[in-house]
Structures are given as C-alpha cells and as structure tokens.
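Here's the structure, in structure tokens; my notes come after.
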Number of protein chains: 2
Amino acid sequence: MNIRVLNRPIGQASRLRVVQNHCDAHGCTGCLVRHLAICSALPAEEAAALEQHAGDVVVPAGQVLAREGDTRRYVFTVTSGSLRRIRFLPDGRRLVAGFLMPGDFIGFSGATRYRHSIEAIEDSVLCAFSSQDMRELCDRYPELERELLERACVELDNTRNNLMSLARMTPVERLAGFLLDMAARRKRQGLDEASVALPMTRADIADYLGLTVETVSRCFTKLRSQGAIATDDPQHVRLLQPEALEALAEARG
Amino acid sequence: MNIRVLNRPIGQASRLRVVQNHCDAHGCTGCLVRHLAICSALPAEEAAALEQHAGDVVVPAGQVLAREGDTRRYVFTVTSGSLRRIRFLPDGRRLVAGFLMPGDFIGFSGATRYRHSIEAIEDSVLCAFSSQDMRELCDRYPELERELLERACVELDNTRNNLMSLARMTPVERLAGFLLDMAARRKRQGLDEASVALPMTRADIADYLGLTVETVSRCFTKLRSQGAIATDDPQHVRLLQPEALEALAEARG
DNA sequence: CGCTTTGTTGACGGGGTTCAACCGCAGTGG
DNA sequence: CCACTGCGGTTGAACCCCGTCAACAAAGCG
C-alpha cells in the first residue's frame with residue numbers, strides 16, 4: 001500500500017505571522033518575482049495600491065503554511081524557497097499534488113477551506129494577501145482577475161498533463177517528464193536549465209509521480225546508466241541528454 | 001503497454017456547423033441547463049445579449065467536436081449528451097482526461113490550440129460562443145469573468161482529486177470514486193442518484209482511471225459480488241450501498 | 001559517538017497487465 | 001431467415017513489473 005511512517009511529528013500549523021508592508025527594502029516595484037507573479041498584470045504605478053495590502057510570510061523548512069481543512073484566509077505568491085502541496089488518506093497514504101516555486105500563486109480554489117496542506121520544503125518566503133483584499137483588488141482591477149483566470153487555466157493544463165503521466169506513462173517516462181518540468185521552471189527563473197536542483201526528497205517525488213521511493217531511485221540509476229543524466233549528489237541533477245529525456249516524456253504537451 | 005487498436009477510423013473533425021440564434025423555441029431564458037451553466041452568472045434580463053452571440057452545435061455520437069492541436073475558436077457549454085476529453089501518445093496509448101456532461105463548460109485554457117480532442121460519446125448538443133465574443137462578454141460583465149474563474153477553480157480541485165486517485169488509490173477504490181462522481185453529477189442534474197447511467201464504454205473508464213478494460217471489468221464484478229452495486233446492463237448501474245462505495249473512495253475530497 | 005533520516009540496491013512475491021477464449025448483440029448481406 | 005463479422009464485455013491463465021521487505025552506506029545532528 002506504500003505507507004511510510006513518519007517518525008518525527010508533522011509540523012504544526014503555526015499561527016501565520018504576516019509582516020505588514022512587505023519587501024521593506026524595495027516594495028513591490030523591486031519585487032524579485034514580479035515578472036513571474038500575478039502582480040505583473042497591474043502597471044507598476046499601481047504598486048502602491050498593492051503594497052497597502054501585501055504582507056510577507058516566512059515559513060521555515062518543514063513547517064506548515066496551510067493545513068488541509070483550515071478555512072482559507074489568505075492567498076499567496078511564492079517569493080523564494082519551495083513548498084509541497086500534499087494530502088493524506090486516512091490510512092496514511094500520501095499524495096504530493098504539486099510543488100510550489102518562486103512566482104507560483106497559491107489560492108486557486110472556490111472552496112472556503114484548504115483542500116491540501118502546504119508544507120515548506122526549504123525555508124521559504126511568501127507574499128500574502130487576505131482573500132478579502134484579493135477579491136476587492138480583482139473588483140477594482142479587472143486585468144488582475146483576467147490574469148488569475150489565465151493562470152488558473154495554465155495550472156489546469158499542467159494538472160491534466162500530470163493526469164496523463166499518472167494514468168498512462170511508465171515510471172521512467174514519468175521521471176523524465178518531471179525532470180524536464182523542473183528544468184523548465186528553472187529556465188523561467190532565468191537559471192541554467194541544464195542543471196536542476198531538486199530540493200524535495202525522493203519520497204516527495206515518489207508521492208508526486210505515484211510510485212515508491214525504491215522505484216524512483218531505480219529510475220534515477222537507470223537514466224544515469226543510460227547517460228541521460230548525471231547526479232553530483234541526490235539533490236543536483238545535470239541533464240546530459242535532454243533529447244533523450246524528451247523522447248521518453250514525449251507527447252506530454 | 002495497454003495499447004488498444006481501433007478498427008474503425010477515428011471520426012473526422014467535421015467542419016463545425018454552428019446554428020445561429022440557438023434554442024429557437026425558448027432562447028437562453030428557457031435553457032434547460034441554465035442553472036448549471038456559466039450563464040447563470042448573468043441576470044435573466046441580459047439573456048438577449050447572450051443570445052446574440054450564442055449558437056448551437058450538434059455532434060453525433062462518435063464524432064469529433066475539437067481536435068487536439070487545432071486552433072481554439074470557440075468555447076462551449078454542453079446542453080445535452082456526453083463527451084470525452086482525450087489525448088493520445090504517439091505509440092497509441094490513450095488518456096481520457098475527463099467526461100463532459102450537461103452544464104459543463106469547455107474552454108478553460110490560455111493555450112491558443114486545443115490540448116485535447118473532444119469526442120461525442122452520445123449524440124450531443126452544445127451551446128457555442130466564439131472565443132472572441134466570450135472575451136468581449138467578460139469585459140462587459142465582470143460577474144461572468146468571476147464565474148469563469150470560480151468554475152476553473154472547481155475544475156482544478158476536481159482534477160487534483162483525480163490525481164490522488166491515479167497516484168495512490170487501488171483499482172476498486174478508483175472505480176468506487178468514479179461511480180460516486182457520476183452519481184453526484186446525476187444529482188446535480190436533478191436525476192435519481194441511486195441509478196447511474198454510464199454512456200461511456202469500459203475502455204473509456206479504463207483510460208480515465210489509468211487501468212485496463214480487464215481490470216475495470218473485474219472491479220465491477222468485485223463490487224457486484226460484494227453487493228455494493230447491481231448492473232442491469234453494462235451501462236446502467238444501481239448503487240445499492242453508497243456507504244460501502246464511500247468507504248472505499250474515502251478522503252477523495 | 002549513537003540515532004535518525006535519506007538514498008540506494010538486492011531478493012521476493014503479488015497484483016495488474018497481457019494474452020487468449022468466450023458470449024451476446026447488432027449490423028449486413030447472401 | 002441465417003451465416004458472418006465486428007465490437008463490447010467478461011472471465012481465465014500466465015507473466016512480469018513494481019511494490020514490499022530487508023540490508024547497507026552516507027550524511028546530519030543531538
């Protein structure tokens with residue numbers, strides 16, 4: 001059944017400490033992820049309006065930002081670090097529904113409660129708006145709502161691609177696709193796409209790809225022995241033959 | 001690899017014939033799926049504005065409404081019938097990413113081209129708007145854009161639930177969840193939720209649940225022998241013990 | 001140092017895929 | 001009317017991939 005026992009207690013959903021007036025140094029105009037974030041829908045002049053509502057949240061590695069079932073009070077944009085979106089079945093089976101990286105938006109849901117828990121993989125910083133403020137901003141700036149819809153659609157497309165992976169692709173194919181996705185994200189952040197950093201554990205990857213840690217590990221060694229990738233250490237992969245990976249992940253959109 | 005060979009040619013993407021001024025008999029105000037559809041975001045008085053742009057499309061069973069890769073020109077709302085959203089891998093593996101029922105909206109995507117083909121399972125009728133008209137309607141009626149965002153989020157939640165199914169649930173659990181989903185849809189349409197009609201084939205269900213036809217069939221017999229369901233014929237299932245199904249599908253949100 | 005966690009590899013077994021046969025049904029055409 | 005065919009669904013038997021169980025190395029940390 002692939003149930004892993006966690007020896008250390010799951011991090012408590014600590015009371016969110018939202019620091020008002022975030023990015024004191026630069027404000028929204030100097031925001032490092034502005035070009036990636038939803039805020040790019042608004043002209044720079046409106047930054048002041050944004051800043052009035054924005055606040056920063058710092059989440060140390062392993063801590064919980066939001067807990068499944070909690071009432072949704074904030075929406076977030078990841079500024080730095082990385083997080084995982086997870087859910088548990090009653091018997092302990094875990095799903096990782098996705099990884100959240102700088103520029104990603106958290107808060108696409110009509111539900112009044114969180115449908116997934118969100119845990120920090122590394123120390124992370126997020127820019128937070130109360131759901132209410134977000135609603136008001138959307139009413140005031142239709143471009144913002146349009147941008148949100150646009151992003152929700154992209155997210156939907158990506159999630160459907162993952163469906164394809166899980167339903168009909170072999171373990172190696174899934175891993176190849178995953179590595180390419182991570183590379184694409186790095187490129188989006190302006191980093192070198194040939195070397196991919198994997199902040200998450202093998203267990204996270206397994207629960208994301210619908211496999212076991214052992215299978216994930218074996219797939220890594222398989223790709224390595226094929227010469228498609230090289231791993232300096234478990235968290236750092238170099239894509240030696242991206243074409244080979246693409247051939248495997250082919251037709252994932 | 002689970003590749004099924006289709007002996008008959010795949011239906012051609014026939015030129016869409018959009019009949020202007022749809023629902024001649026009643027118009028939008030008399031629309032049977034209005035309460036389910038995005039149009040419910042607008043007051044009935046605005047129906048006239050809608051009708052100017054709406055048109056009907058009739059798709060016979062087995063025919064293709066939209067082909068993966070085609071440029072996206074229309075968005076649709078299903079009025080009657082049912083369709084499947086599919087995609088193929090180059091080697092013939094198929095994924096059914098979802099089923100579309102009355103009230104469902106087709107067109108959540110920023111992409112300029114369709115990411116999936118859409119085929120009619122039964123004879124179906126859809127209400128169509130050109131993407132351009134839809135854009136203009138959204139600009140004019142912010143409530144509409146908000147409704148779209150709302151729906152996209154619901155769709156995203158549902159798709160993530162499916163991820164959970166595919167990644168971490170056993171075949172019987174997946175089937176149980178699927179049957180409950182179908183029952184919930186029937187309820188939404190005001191029909192009896194204890195008896196579920198399955199217009200799609202076992203192959204469709206298999207490709208949707210990430211299984212083979214054989215496994216799906218065996219799961220049906222398993223549920224039947226447990227007394228959880230009864231099947232009058234393959235397309236008509238009665239849910240005798242919904243609680244039993246829920247226990248299986250537990251925690252799928 | 002002990003202890004835990006993470007990652008990797010090996011051996012084994014089971015569940016689902018694969019392969020195959022069969023039935024019922026709907027066309028189809030002699 | 002009845003063979004013939006194709007298709008959808010079900011069931012059985014064999015195989016094999018991946019999950020399970022186990023052992024071990026390396027790294028982090030008190």
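Proteins get letters first, then strands, A, B, ... in listed order; numbering begins at 1 in each.
Checked against the 6.0 Å centroid threshold, A/Tyr208 and A/Phe99 count as a close aromatic pair.
Between the C1' atom of C/dT6 and the CG atom of A/Leu198 lies a distance of 14 Å, rounded to the nearest Å. Rounded to an integer number of Å, the gap from A/Arg202 CZ to C/dT9 P is 11 Å. For the pair A/Leu175 CG and D/dC18 P, the computed distance is 13 Å after rounding to whole Å. Look at CE on A/Met169: it is 17 Å from C1' on D/dC18, rounded to the nearest Å. Taking atom CZ of A/Phe220 as the reference point, atom C1' of C/dT6 lies 13 Å away to the nearest angstrom. Residue B/Lys222 contributes atom NZ, which lies 14 Å from atom P of D/dT10 at whole-angstrom precision. Taking atom CG of A/Leu223 as the reference point, atom P of C/dT8 lies 12 Å away to the nearest angstrom.
Checking D/dG9, D/dC18, C/dT8 against the side-chain heavy atoms of A/Pro171 singles out D/dC18 as nearest. Closest contact between the side chain of B/Thr201 and the listed nucleotides D/dG8, D/dC18, C/dT9 involves D/dG8. Which of D/dT10, C/dC19, C/dG7 sits closest to the side chain of B/Glu214 comes down to C/dC19. Distance from the side chain of A/Thr212 is smallest to D/dG19 among C/dT17, D/dG19, C/dT9.
By the 4.5 Å heavy-atom criterion applied to side chains, B/Arg238 and B/Ile229 are not counted as neighbours. In this structure the side chain of A/Arg174 never reaches within 4.5 angstrom of the side chain of A/Phe178, judged on heavy atoms.
The side chain of B/Gln235 places an N or O atom within less than 4.0 Å of a non-bridging phosphate oxygen (OP1 or OP2) of D/dG9.
If B/Gly210 and A/Val216 are placed on DNA chain C by their nearest nucleotide, the residue sitting closer to the 5' end is A/Val216.
Base engagement by B/Thr215 is indicated by at least one non-hydrogen atom pair under 4.0 Å involving a base atom. Within 4.0 Å of A/Thr221, counting heavy atoms only, lie sugar-phosphate atoms of the nucleic acid but no base atom.
Not a single donor-acceptor contact under 3.5 angstrom links the side-chain atoms of B/Arg4 to the base of D/dG8. A donor-acceptor contact under 3.5 angstrom links the side-chain atoms of B/Arg218 to the base of D/dG12.
In summary, the side chains of B/Glu68 and B/Ser117 do not present any donor paired with an acceptor at a separation below 3.5 Å, with no hydrogens or angles considered. Neither side chain, A/Asn162 nor B/Arg160, offers a donor N or O lying under 3.5 Å from an acceptor on the other.
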